[in-house]
2 protein chains.
Amino acid sequence: MEPWRSVAIVGVGLIGGSIGRALIERRLAERVVGVGRNKATLERAKELGAITQWSTDLAAGTAESEVVVVCTPVNKIAEQVREIAASAAAGTLITDAGSTKAAIVAAVGKLPPGVRFVGSHPLAGSEKTGVEHSTANLLEGRVVVVTPRPATTETDLEDVAMFWQSLGATVMAMSPAEHDRALATTSHVPHVVAAALAKITPAELLPLTAGGWRDTTRIAAGDAALWTEILLQNRDSVLRTLSRYEKTLAAFRTALERRQAARVTKLLAEAKQHRDALGS
Amino acid sequence: MEPWRSVAIVGVGLIGGSIGRALIERRLAERVVGVGRNKATLERAKELGAITQWSTDLAAGTAESEVVVVCTPVNKIAEQVREIAASAAAGTLITDAGSTKAAIVAAVGKLPPGVRFVGSHPLAGSEKTGVEHSTANLLEGRVVVVTPRPATTETDLEDVAMFWQSLGATVMAMSPAEHDRALATTSHVPHVVAAALAKITPAELLPLTAGGWRDTTRIAAGDAALWTEILLQNRDSVLRTLSRYEKTLAAFRTALERRQAARVTKLLAEAKQHRDALGS
């Protein structure tokens, strides 16, 4: 594969920085342009080898790149994609790394002729944020969901898939709505579940926590503002999944209230079966 | 410190095996007697260096040890402690490693004169089980809660504390009831929370999970029968804590239903603050 002449990354944090490092380390792009607002962060990203140059101007910083990846918070993405598209050359492929898809894809809407946008979601986040935690192998072996819309051609889909595959990821394609329904269960409600557990644990009990509490609450350390936007953008699916979760908790409650040991064991065994199917 | 002449471990699994390995590696006991029902498991524990000898007879296997640690499932412990105590020499110190304390300590009741029992709970479990996963350093830097009862003397408490400290653990003393109230929040309800999340996740969505789901559900892989006993023994505290948890989930639900971004952020920020206080 020919390396890209230029790839632009808007928002050089954990994900954006990791994409940049992988592009540079794998010699997939001649230039990796970091675009952001904070000059010190961008300069630090360059020192770390996550980008080769940077710009604080969204339109100018992305205009000469064949691929643009928008890695900003979900409530910024659609507007930035539209701004990038307005100055982009024909054939430019724009994608993103947002944790929700339906609201973003809908808000991006129709773009100038020849500019291509396919939404993406790399399932490789962390409770950690910032370019300092980025690594060239963050996407290796991870799944990236790509979400074609009616306007997306086979070629567009192949091109965005090839981009993520070149970084070592496995690509799955589904509609934005299907993505959001699935991620409510696999990511968004788990965040609420973990946060609620951390919230009810007073500081004086922390010395009495062990690995179980630590693992179960880990993602509650994620950025509160970012996660608020994710939960609100995927509100309907999150609320539906939360209802299923609450019903399952209620089943545990009822079984415990009635001292139904066999029923408790059955619930726990079903949960264990699902968990064991994944591996550690 | 003089090494113990003999320490008996009843139930040589993850915790019992780890205690044995630490005793042997740190040269704290001349003999470590493993007691259990399965000869192959006991022989394997000996090969792994977790015990120096073994017996399948509870009374005979423990009668000559100065310290006996009962590491069996919580619904077996009290009866076994009573049986051990009936054949024990005066001065023998019996303790356990059960995840609940009030029901066990109450069921142990009054023991023959001179036989001492102080309940313990090492906060060092894992979703893994079995002597194969035991390690000599499992208890290093971990907290062990010891739960004196009215009959417990200062000397008894010091002796049991010294036992756990000699394995590298930090000891905290509290009443059995206080232990159970605290652990409902820090361990037992987290298990239910994780299990309910694993349960609502269908197998076909597993490819769309990432680190968040993986961490949050990890303890759901624990043994269903063991955890049923733990939840039932600490039923009242678990139900009370589950109510607090359900109310917090409901607060998230209401804020999302009403699209109250500031309220969602406040809830997530409080959770993050609690989680950040612990560290990764």
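Chain A is the first sequence line, chain B the second, and so forth, proteins listed ahead of strands; every chain is numbered from 1. Reckoned from all heavy atoms, side chains included, excluding hydrogens, waters and symmetry mates. Source: prediction; values computed, not measured.
Atom CD of B/E257 sits about 8.5 Å away from atom CG of A/L242, to the nearest 0.5 Å. Put simply, CZ on A/R263 and OG1 on B/T228 are 11.5 Å apart, with the number rounded to the nearest 0.5 Å. To the nearest 0.5 Å, the span separating NE2 on A/H121 from CG on B/L208 amounts to 9.5 Å. Taking CZ of A/R275 as the start and CG of B/L197 as the end, the distance is 10.0 Å to the nearest 0.5 Å. Rounding to the nearest 0.5 Å places OG1 of B/T186 at 12.0 Å from CZ of A/R214. Summarising the geometry, atom CH2 belonging to A/W213 is positioned 8.5 Å from atom NE2 belonging to B/H274; distances are rounded to the nearest 0.5 Å.
Of all heavy-atom pairs spanning A/K199 and B/L267, the tightest one is CE-CD2, 3.4 Å. Residues B/A271 and A/A198 come closest through the heavy atom pair O-CB, 3.5 Å. Between B/S243 and A/R253, the closest heavy-atom pair is OG-NH2, 2.8 Å. Nearest approach of B/I219 to A/G212, heavy atoms of both residues: CG2-CA, 3.5 Å. Closest heavy-atom contact between A/A195 and B/F252: CB-CZ, 3.8 Å. Nearest heavy-atom pair across B/A224 and A/L268 is O-CD1, 3.5 Å.
Ranked by non-hydrogen atom pairs under 4.5 Å with chain A, the options B/L232, B/T170, B/T241 are led by B/L232. Your options are B/L183, B/T265, B/V264, and the one with the most heavy-atom pairs under 4.5 Å with chain A is B/T265.
Proximity of a side-chain donor or acceptor of B/K272 to a complementary backbone N or O of A/A220 within less than 3.5 Å is not detected. In terms of modelled atom types and a separation under 3.5 Å, the side chain of B/Y245 and the main chain of A/V193 share a donor-acceptor contact.
For B/R235, the part lying under 4.5 angstrom from a heavy atom of chain A is the side chain only. Both the backbone and the side chain of A/T209 come within less than 4.5 Å of a heavy atom of chain B. With a threshold of 4.5 angstrom between heavy atoms, A/A182 approaches chain B through its backbone and through its side chain. If you measure heavy-atom distances from A/R259 to chain B, the contacts under 4.5 Å come from both the backbone and the side chain.
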